[in-house]
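Here the structure is a predicted model, which means the values were calculated and not measured. Letters A, B, ... mirror the listed sequences (proteins, then strands); counts begin at 1. Just the heavy atoms: all of them, side chains too, but no hydrogens, waters or symmetry mates, feed the values below.
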Protein chains: 2
Amino acid sequence: MKIDLPNHTASQLCSDDDSDQHSLRSRKRAATRLTIRREAIALGLAHGYENVTVEMICAASTVSPRTFFNYFGSKEGAYISAHKPLPTAQQHRDFVEGAGPSVFRELFELICGTFLAAETDLELFQGRHRLIYQTPELLNREKSRISEMEEIFAGYVLERFQHEGRSTTDTPDLEDEAHMVVALASGALRFALQKWVAGNFTSTRETLMRTTSALIQRVTTNEHWP
Amino acid sequence: MKIDLPNHTASQLCSDDDSDQHSLRSRKRAATRLTIRREAIALGLAHGYENVTVEMICAASTVSPRTFFNYFGSKEGAYISAHKPLPTAQQHRDFVEGAGPSVFRELFELICGTFLAAETDLELFQGRHRLIYQTPELLNREKSRISEMEEIFAGYVLERFQHEGRSTTDTPDLEDEAHMVVALASGALRFALQKWVAGNFTSTRETLMRTTSALIQRVTTNEHWP
DNA sequence: TTGCAAATTTGCAGGAACTGCAATTATTCT
DNA sequence: AGAATAATTGCAGTTCCTGCAAATTTGCAA
């Protein structure tokens, strides 16, 4: 099994996808990857992202620069969230075929669920989050990562619409409608995530859901349409 | 007057801001800048962004590489939209103090007006647009540029809320609410822009407004809240 | 017009990110 | 153990980008 081909064109950064479970090899790889990430973030937090060189990171994690690039493909790669949190086929189907009354609520739950499930190492997550939000360049990357996710979820919403019997030929804007639903839900998620991080990861998902749902409602119903 | 300090940290790319009007100097600078942009985009369209080197661009526009970086600070700089289209103080005030019934509509008009007013050279605009949307790296930049704009407009919406008497202490989520309003309006704008470009810049702003407004309405009113 | 001051362009040296290639070392399989 | 496979590494080279100081151009005033 070859490591992470630098499939850089598609703005792929890297994946922690370890399809093998328990070979010495894959455990070692996972360990190395984690070490590099940790050192990278520690250095970034200590000296500021732009003052950290790949060489420093390598020195701190005792790998060669070449190996660093084998793993991450780019300096940023070591900083940007590893997982592309995709819903399971099951979650996907449930959402598409679910006929609940509120697309927003269900979409939000879907995203929430997928997103939170993916993050395992809280400490790493926090460090990365702090660093990203104090580094414009990383923040930009993060934002575009998020907007890639949004594309995907917009696809799901579109599927759901079609499953509800609405067709693109019938409603040409259907795709745009899907995108806007996602934009709104995503705004809500950003909000929720901020609360969650600010509150040190304490509040329950249920509480967040309630608050957020109220927010969406307020935004969209205070409006007097022309 | 010094040229464009490479204020690169704040993800500033460059500005075509020519505060002087008519000195030979500034006209020459403007011309050079335009030439470089044109050549850069032409080369990008011809060979693909990543296969174009700064040296090629320089050769095509007869400036030294060092001068290129004096102008644009980065390779991307020559490709990403130059203007940061900000509303005039007048437009800003009108929006903040306007008490119309639909924030969305007025925000959309504000953005639309500011945005379209800024683009003068249609041909350049089209070329850039085409190239950006076929180059992931540039698209990311563009997206983050857009989300910077969104920040700004979210600020305006917040001001408007406050002008309406709503305070942050009263409603802690007020800022988030502003962001969500912008997210929605921005989704609408993206939609509108796409139509506009696809239709070869023919449809009137009024038509777009109507279609878009209908879209927003559909998204937010088909919803049965929990 | 001439000559000085300020703005602009340029060359050069060098740092840092990144890639391809081939050699070396470590793991896995038989 | 020994062959097959995978991971790591070194090295040379390209490209982006920066600082600095010298050369050139332009604006302006005597």
Closest nucleotide among C:dT27, D:dG19, D:dC11 to the A:Lys28 side chain: C:dT27
A:Phe72 CZ - C:dA16 P separation (whole Å): 21 Å
message: When you measure from the centre of the six-membered ring of B:Tyr49, is the NZ or CZ of B:Lys75 closer than 6.0 Å and no more than 45° off the axis?
response: yes
- prompt: Between C:dT19, C:dA16, D:dT15, which nucleotide has the shortest distance from any of its atoms to the side chain of B:Thr53?
  reply: D:dT15
message: I want to verify a distance call: between C:dA17, D:dA6, D:dC20, whose nearest atom is closest to the A:Arg29 side chain?
response: D:dA6
field: Nucleotide nearest A:Ser23 (side chain, heavy atoms from C-beta), chosen from C:dT28, D:dT8, C:dC21
entry: C:dT28
query: Does a side-chain N or O from A:Thr67 land closer than 4.0 Å to OP1 or OP2 of D:dT8, or not?
result: no
query: For B:Tyr49 and D:dT15, what is the distance between atoms OH and C1' respectively, to the nearest whole Å?
result: 11 Å
statement: Of C:dC18, D:dT8, C:dT9, the nucleotide closest to the side chain of B:Asn70 is C:dT9
query: Is A:Arg130 close to A:Leu45 at the side-chain level, that is, under 4.5 Å between some pair of heavy atoms?
result: yes
- prompt: To the side chain of B:Arg66, which of D:dC20, C:dA17, D:dC17 is closest?
  reply: D:dC20
message: Taking 4.0 Å as the cut-off, does a side-chain nitrogen or oxygen of B:Tyr71 come that near to OP1 or OP2 on C:dT9?
response: yes
statement: Of the listed C:dT19, D:dT18, D:dT25, the closest approach to the B:Arg25 side chain comes from D:dT25
task: Please report, rounded to the nearest Å, how far the C1' atom of C:dG11 is from the CZ atom of B:Phe69.
output: 15 Å
message: Tell me if the aromatic rings of A:Phe104 and A:Phe108 count as close, with their centers under 6.0 Å from one another.
response: no
query: Among D:dA7, D:dC16, C:dT10, which is the nearest nucleotide to the side chain of B:Ser64?
result: C:dT10
- request: Just say parallel, tilted or perpendicular for the rings of A:Tyr156 and A:Phe95, cut-offs at 30° and 60°.
  value: tilted
